[in-house]
Every structure is written in structure tokens, then in C-alpha cells.
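Have a look at the structure below before the remarks.
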Protein chains: 2
Amino acid sequence: MAILDNDLFRDFFLGFVRLHILFHAGHEPVCGVDLMAEMDRHGYRIGAGTLYPLLHRLERAGLLRCEVRVVAGRQRKYYRSTPAGAAVLAEARIRLRELVGEVVEDQGPPIGGMAAQKEDGR
Amino acid sequence: MAILDNDLFRDFFLGFVRLHILFHAGHEPVCGVDLMAEMDRHGYRIGAGTLYPLLHRLERAGLLRCEVRVVAGRQRKYYRSTPAGAAVLAEARIRLRELVGEVVEDQGPPIGGMAAQKEDGR
DNA sequence: TATCCAATATCGCCATTCGATATTGGCGGG
DNA sequence: CCCGCCAATATCGAATGGCGATATTGGATA
């Protein structure tokens, strides 16, 4: 977790956060506070100043739809995924499998370049 | 692929590109043109104006190390991963498994919020 | 040494991230 | 009925990143 507090490493995983959000919004209506708690559970620290503008953009882009409700005396905006959001998630599945095949299962092929050359041979 | 040409969707997958790069740099020395070709093979379109500043930042952050070589009469800068780069990749493995468990295997738990409430029940 | 060209570097503009701060909206007390 | 309270959401300003377009580098050939 500490590794995620470093600014540098955040960029590696911000896309992961988006996909987590899209996934949850595809299963149930989720609001900002729910998502912040869930991302925290995953070890991501997403502040309100990042999350809410992100939700607005995803909505404007047609990936999420918003519905206002009052829960426990508080106004909340619940987001659900749209077909376009599901399409992004489907695309993500393909790319996730590729990435897992390389990074997790260590099955990436050499990409050419210097693979044929000896690295230490002189 | 077409989906990746849209500006909106790039942000979802830019972290994937970083991890692909880190992975390849952990297996063999890779240079800019190699990486652009490899990313293209994966369906990502990464321009030179994005890739090279990225490599510089990863090097300055200590995740990559650079070595200049002359190949086929052209100067190339070959990058290899460092222990710090391997650490980021190890962290990525953990988070990738979480994300795959949700997005690919569809096993994410409800995150609370409105899960207990009926959505259509009234 | 002059020129060519692939590989790398940089520039300017716009979008995004972030913590901090402001605003909204329902509710209970008076 | 209005007022202040507070959680939830919204926005601000500074810094950084992504991008296409353009500039620069450096080895090789003649």
C-alpha cells in the first residue's frame, strides 16, 4: 500500500481504479462515498477531488448514468453502467488477459530488438 | 482497436502500457522503436511524444536503467528494469489478480450501498 | 566534410490529478 | 416555518501528463 502513496506509482494504477468503478457500476448502483470506501478496501487512495470529476466525465462520455436518491437523510448520486460502459469493460477483459499472460504468468515473448544479441558477450 | 482511438478510452489503458513496458524491460533490453512496435502489436497506439518522455520519467524514478548502443548504424537507447521496477511489477501482479477476479471472472462482491435496497421494487 | 535518415528529444496546448475549500440539500430543534 | 448542522457532492488552482508536430542527434556513406 505504501507503494501507492508515491506519486509516481499512481499513474500505473489509475486505469485499474476506473475499471473497478465500471465493474461495480455494472452490478449495482454505486455512489461516490461507496466507491471511495471500496477503492480504499482495494488499497487505492482516491480523493473526492479526483473521484467526482471522474464520475462526471464518465457520465458525460455515456459510460455511466446517474440517478439521484435520498438515503438516510442525505442526497446521493447513484451511478450505473451503460451499454457503452459494458463495452469498455469487455475491451478491458481482452487486454487484461494479455497483460496477465505476460506479467502474472510470465509468458510474454521477446519482442525482437536485442533478444538475438548477447548482452554480456562483450 | 477502434475503441482505443477514442481519447476517452485511452486513460483506461495507459497504465497497461506502462506495465507492458516494465515487463519487457525486465526480460530483455528494449529501445523506443521496439516498444512502439510491441505496443502496436497489442493494439495500443503510443506516439513518440508520449513514449520517450515516459521512458525518461521511469528512468529518473529509478524503475529503468538506460544503456546506449549502436545497432545497424543507428544509436539506440536500451532500457532494462531495475529492482524498483520489478517491485512495481510485483505490486501490479497483486492488483491485476484482484481486477481479473472482478472484471474477467465476475466475482466482485457487492460493495454495500444500495445492494440491500430493491432497485425496482418501487 | 557534407548529407542523409532512423532514432530520439522537445515544444505548446489541453486534459487530468490532487488537496483544500466551497456548496448543496435534507432534517431536527426551537 | 426557518435555522444551523453535517454528510455528500462540487469546484478551484497549481502542477503534471499525454499528444501530434517539429527539431535534434549521431553513425554511415560517399
Side-chain angles (χ1 to χ4, degrees), chain A residues 4-21 25 29-40 44-61 63-79 111-114, chain B residues 4-21 25 29-40 44-61 63-79 111-114:
Chain A
L4 283 187
D5 291 339
N6 190 313
D7 288 344
L8 173 71
F9 304 134
R10 301 193 68 87
D11 295 335
F12 281 90
F13 300 109
L14 279 175
F16 287 23
V17 170
R18 284 168 148 92
L19 292 174
H20 274 293
I21 290 175
V30 288
C31 69
V33 282
D34 291 343
L35 288 172
M36 277 194 284
E38 175 66 7
M39 290 307 104
D40 201 76
Y44 304 105
R45 304 293 161 75
I46 303 301
T50 300
L51 180 62
Y52 288 108
L54 172 59
L55 290 174
H56 299 164
R57 268 190 317 254
L58 294 179
E59 185 184 11
R60 254 190 325 132
L63 305 189
L64 294 181
R65 199 178 317 107
C66 178
E67 180 184 353
V68 180
R69 298 201 186 188
V70 175
V71 175
R74 301 298 167 194
Q75 181 181 254
R76 288 181 175 177
K77 301 200 171 174
Y78 282 91
Y79 292 90
I111 64 178
M114 289 207 16
Chain B
L4 284 186
D5 291 339
N6 190 313
D7 288 344
L8 173 70
F9 304 136
R10 300 192 68 86
D11 295 335
F12 281 90
F13 301 109
L14 280 174
F16 287 23
V17 170
R18 285 168 149 89
L19 293 174
H20 273 293
I21 290 175
V30 288
C31 69
V33 283
D34 291 343
L35 288 171
M36 277 194 283
E38 176 67 7
M39 293 306 104
D40 201 77
Y44 305 105
R45 304 294 162 76
I46 303 302
T50 301
L51 180 62
Y52 288 108
L54 172 58
L55 291 174
H56 299 164
R57 262 178 290 128
L58 294 179
E59 185 184 11
R60 253 190 327 132
L63 305 189
L64 293 181
R65 199 178 318 109
C66 178
E67 180 184 354
V68 179
R69 297 204 187 186
V70 175
V71 174
R74 301 297 165 196
Q75 179 180 255
R76 289 181 175 176
K77 300 200 172 173
Y78 282 89
Y79 292 89
I111 65 177
M114 290 207 14

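Any value given below was found using the heavy atoms of this structure, including those in side chains, with hydrogens, waters and symmetry copies removed. Each chain gets a letter, A, B and so on, in the order its sequence line appears, and its residues count up from 1.
Among the atoms of the strands shown, only primed sugar atoms or phosphate atoms (P, OP1, OP2) are found under 4.0 Å from some heavy atom of A:Gly32. Within 4.0 Å (heavy atoms only), B:Leu51 reaches no atom of the nucleic acid at all.
As rounded to whole Å, 13 Å separates atom P of D:dA10 from atom CG of A:Leu35. What separates CE of B:Met36 from C1' of D:dC19 is a distance of 13 Å, to the nearest Å. Here C:dT16 presents its C1' atom at 17 Å from CZ of A:Phe12, a figure rounded to the nearest Å. Computed from coordinates, the B:Tyr44 OH to D:dC19 C1' distance equals 18 Å when rounded to whole Å. Taking atom CD1 on A:Ile46 and atom P on C:dT17, their separation rounds to 9 Å, with Å as the unit. Rounded to whole angstrom, the span from the CG atom of A:Asp11 across to the P atom of C:dT17 amounts to 9 Å. Atom CE of B:Met39 is separated from atom C1' of D:dC19 by 18 Å (rounded to the nearest Å). Between A:Phe9 atom CZ and D:dT16 atom P there is a gap of 17 Å when expressed in whole angstrom units.
Place B:His56 and A:Leu54 on DNA chain C by their nearest nucleotides, and B:His56 ends up nearer the 5' end. A residue-by-residue look at B:Gly47 and B:Arg60 shows that B:Arg60 has its nearest nucleotide of DNA chain D further toward the 5' end.
Rounding to the nearest 0.5 Å gives a distance of 5.5 Å between CD1 of A:Ile46 and CG of A:Leu14.
For the pair A:Arg57 and A:Arg60, the minimum side-chain heavy-atom distance is below 4.5 Å. Side chains of B:Tyr78 and B:Val71 form a contact here, defined as non-hydrogen atoms less than 4.5 Å apart. Proximity of B:Val30 to B:Ile21: side-chain heavy atoms (C-beta onward) are nowhere separated by under 4.5 Å. Residues A:Val17 and A:Leu51 form no side-chain contact, since every pair of their non-hydrogen atoms from C-beta on lies 4.5 Å or further apart. Put simply, the side chain of A:Leu63 reaches to within 4.5 Å of the side chain of B:Phe9, judged on heavy atoms.
An OP1 or OP2 oxygen of C:dT17 is reached within less than 4.0 angstrom by a side-chain nitrogen or oxygen of A:Arg57. Phosphate contact (OP1/OP2 of C:dT24, side-chain N/O of A:Lys77, threshold under 4.0 Å): absent. Phosphate proximity of D:dA10 to A:Tyr52: absent, as no side-chain N or O sits under 4.0 Å from OP1 or OP2. Note on A:Arg18: a side-chain N or O is less than 4.0 Å away from OP1 or OP2 of C:dT17.
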Base-contact (B) and sugar-phosphate-only (S) positions in nucleotides 22-30 of chain D, heavy-atom cut-off under 4.0 Å, - elsewhere: ----BBS--

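Listed nucleotides: D:dA8, C:dA9, C:dT17. Nearest to the side chain of A:Val33: D:dA8. Of the listed nucleotides (D:dA8, C:dC18, D:dG18), C:dC18 has the atom at the smallest distance from the side chain of A:Arg10.
Remark: side-chain polar atoms of A:Arg10 are paired, donor with acceptor, to backbone N or O of A:Arg45 under 3.5 angstrom.
The aromatic rings of A:Phe16 and A:Phe13 sit perpendicular, their planes meeting at an angle over 60°, well past the 30° parallel limit.
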